[in-house]
Amino acid sequence: MSARLDPHVLVDWFARNGRDLPWRRPETTAWGVLVSEIMLQQTPVSRVEPVWLAWMASWPRPSDLAAATQGEVLRAWGRLGYPRRALRLHEAATAIATEHGDVVPSDVDTLLALPGIGAYTARAVAAFAYGRRCPVVDTNVRRVVARAVHGAGDAGPAGGGRDLADVEALLPEDEATAARFSAALMELGQLVCTARSPRCAACPVIGACAWQHAGRPAYDGPAKPVQRYAGTDRYVRGLLLEVLRGTTEPVPKTRLDAVWSDGGQRDRCLDSLLVDGLVEQTADGRFALPGEH
DNA sequence: AAGCCGTGGGA
DNA sequence: TTCCCAAGGCT
């Protein structure tokens with residue numbers, strides 16, 4: 001029989017072992033929290049940190065970002081990846097500035113209506129910026145719950161309301177404690193209950209872990225699809241955007257043609273970048289980041 | 001609702 | 001080297 005997972009044990013562990021990340025400092029605004037959450041989507045902390053600091057210095061309020069051009073925003077995004085996030089954040093900033101008095105909404109449904117903000121990010125902002133009591137479910141939390149609660153080796157495919165309900169059931173009643181508990185669950189998944197080689201010996205809730213009690217069985221769910229990168233459209237789009245990030249002057253198509261030999265794929269990617277609004281064509285037929293010419 | 005959307009680092 | 005994966009969202 002395993003002990004029930006005690007929220008206070010996790011919260012205490014977090015207080016002692018949680019990292020001192022810049023967006024966790026008490027003076028960080030809700031806007032700062034939102035920017036961090038968008039940047040952290042599928043992107044490690046170490047790569048986000050310097051970019052987040054630069055963004056906060058340049059654009060301390062939503063209206064500051066809204067006043068920048070898309071090109072400036074994309075250049076400042078740098079190599080964080082998935083640059084459509086930057087465009088959506090710019091859109092969200094505009095909506096916050098014009099429709100919400102330059103104040104990041106605290107309500108989950110209002111946050112969900114903003115571009116680029118989905119089920120995870122909306123609740124993360126509500127909880128971490130405003131101390132709201134709501135389940136915050138990311139890949140770390142799904143893994144921790146799969147193991148500690150369900151005794152599985154890893155989380156299966158995301159989807160359904162299953163994970164949200166699982167975490168809701170674990171959430172302490174007290175609002176402030178609930179928010180810290182959510183941060184603690186995520187931190188545990190990132191520092192201890194990791195995908196590969198979990199450090200169970202250092203786990204504060206090992207006594208309450210169903211996976212541990214079950215003898216740490218291997219993951220037996222459906223195989224996770226592997227994402228290729230080299231040579232894919234994503235890769236070629238990255239090459240094209242890298243050229244445009246490096247110049248302020250629009251470039252002729254010949255300059256873009258030089259980065260990838262397969263002309264068919266190259267043109268398809270350039271077209272998709274134009275459709276996505278990540279690239280613009282000037283009146284004289286050259287190409288540039290959007291909003292600057 | 002699977003598949004797409006960038007990039008870099010660690011094992 | 002190759003493979004996996006990292007605070008998801010959108011269509």
Using a 3.5 Å cut-off and no angle test, enumerate the donor-acceptor pairs between side-chain atoms of residues 179-187 of chain A and protein atoms at least two apart in sequence or in another chain.
residue: A:S182; atom: OG; partner: A:A178; partner atom: O; Å: 3.3
residue: A:E187; atom: OE1; partner: A:R19; partner atom: NH2; Å: 2.9
residue: A:E187; atom: OE1; partner: A:R24; partner atom: NH2; Å: 2.8
residue: A:E187; atom: OE2; partner: A:R19; partner atom: N; Å: 2.9
residue: A:E187; atom: OE2; partner: A:R19; partner atom: NE; Å: 2.9
residue: A:E187; atom: OE2; partner: A:R24; partner atom: NH1; Å: 3.2

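Within the 4.0 angstrom heavy-atom criterion, base atoms lie near A:R24. Backbone-only contact: A:R228 has heavy atoms under 4.0 Å from sugar-phosphate atoms and none from a base. A:L21 comes within 4.0 angstrom of a nucleotide base, judged by non-hydrogen atoms across all strands. Among the heavy atoms of the strands, none lies under 4.0 Å from A:A124. A:S36 comes within contact range of no nucleotide atom at all, as no heavy-atom separation falls under 4.0 Å. Nucleic acid contact class of A:W23 (heavy atoms, under 4.0 Å, all strands): base. Contact annotation for A:V141: no contact, since no heavy-atom pair falls under 4.0 Å across all strands. When heavy atoms are screened at a 4.0 angstrom cut-off, A:A158 is found touching no nucleic acid atom at all.
Shown here for A:L5 and A:A148, the closest heavy-atom pair between the two residues is CD1-CB, 4.2 Å.
With A:R61 contributing its side chain and A:V103 its backbone, the two residues share no donor-acceptor pair below 3.5 Å. Checked by atom type and distance alone, the side chain of A:R123 never pairs as donor or acceptor with a backbone atom of A:V108 at under 3.5 Å. With hydrogens and angles disregarded, a donor-acceptor distance shorter than 3.5 Å links the side chain of A:W31 to the backbone of A:W59.
Using a 3.5 Å distance cut-off with no hydrogens or angles, the side chains of A:T43 and A:R85 do pair a donor with an acceptor. Between the side chains of A:R234 and A:Q227, a donor-acceptor pair is found at a separation under 3.5 Å. Residues A:E37 and A:Y120 have side chains that bring a donor and an acceptor to within less than 3.5 angstrom of each other.
Nearest-nucleotide mapping onto DNA chain C: of A:K224 and A:P115, the residue sitting toward the 5' end is A:K224.
B:dC5 and C:dA7 are spaced 22 Å apart, taking the P atom of each and rounding to whole Å. The separation of C:dT1 from B:dG8, taken at their C1' atoms, amounts to 16 Å, rounded to a whole angstrom.
Between A:L188 and A:L10, some side-chain heavy-atom pair lies under the 4.5 Å cut-off.
The nucleotide range of DNA chain C contacted by chain A, defined by atoms under 4.0 angstrom from heavy atoms of the protein and reported 5' to 3', is C:dC3 to C:dC10.
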Check nucleotides 3-6 of chain B against the protein and report each pair of N or O atoms closer than 3.5 Å, with its distance, or say if there are none.
residue: B:dC5; atom: O4'; partner: A:R84; partner atom: NH2; Å: 2.9
residue: B:dC5; atom: O3'; partner: A:R237; partner atom: NH2; Å: 3.4
residue: B:dC5; atom: N3; partner: A:Y82; partner atom: OH; Å: 3.4
residue: B:dC5; atom: N4; partner: A:Q227; partner atom: NE2; Å: 2.6
residue: B:dG6; atom: OP2; partner: A:R237; partner atom: NE; Å: 2.4
residue: B:dG6; atom: OP2; partner: A:R237; partner atom: NH2; Å: 3.2
residue: B:dG6; atom: O4'; partner: A:Y82; partner atom: N; Å: 2.9
residue: B:dG6; atom: N7; partner: A:Y82; partner atom: OH; Å: 3.2
residue: B:dG6; atom: O6; partner: A:Y82; partner atom: OH; Å: 3.1
residue: B:dG6; atom: N1; partner: A:Q42; partner atom: O; Å: 3.3
residue: B:dG6; atom: N2; partner: A:Q42; partner atom: O; Å: 3.3
residue: B:dG6; atom: N2; partner: A:T43; partner atom: OG1; Å: 3.2
residue: B:dG6; atom: N2; partner: A:L80; partner atom: O; Å: 3.0

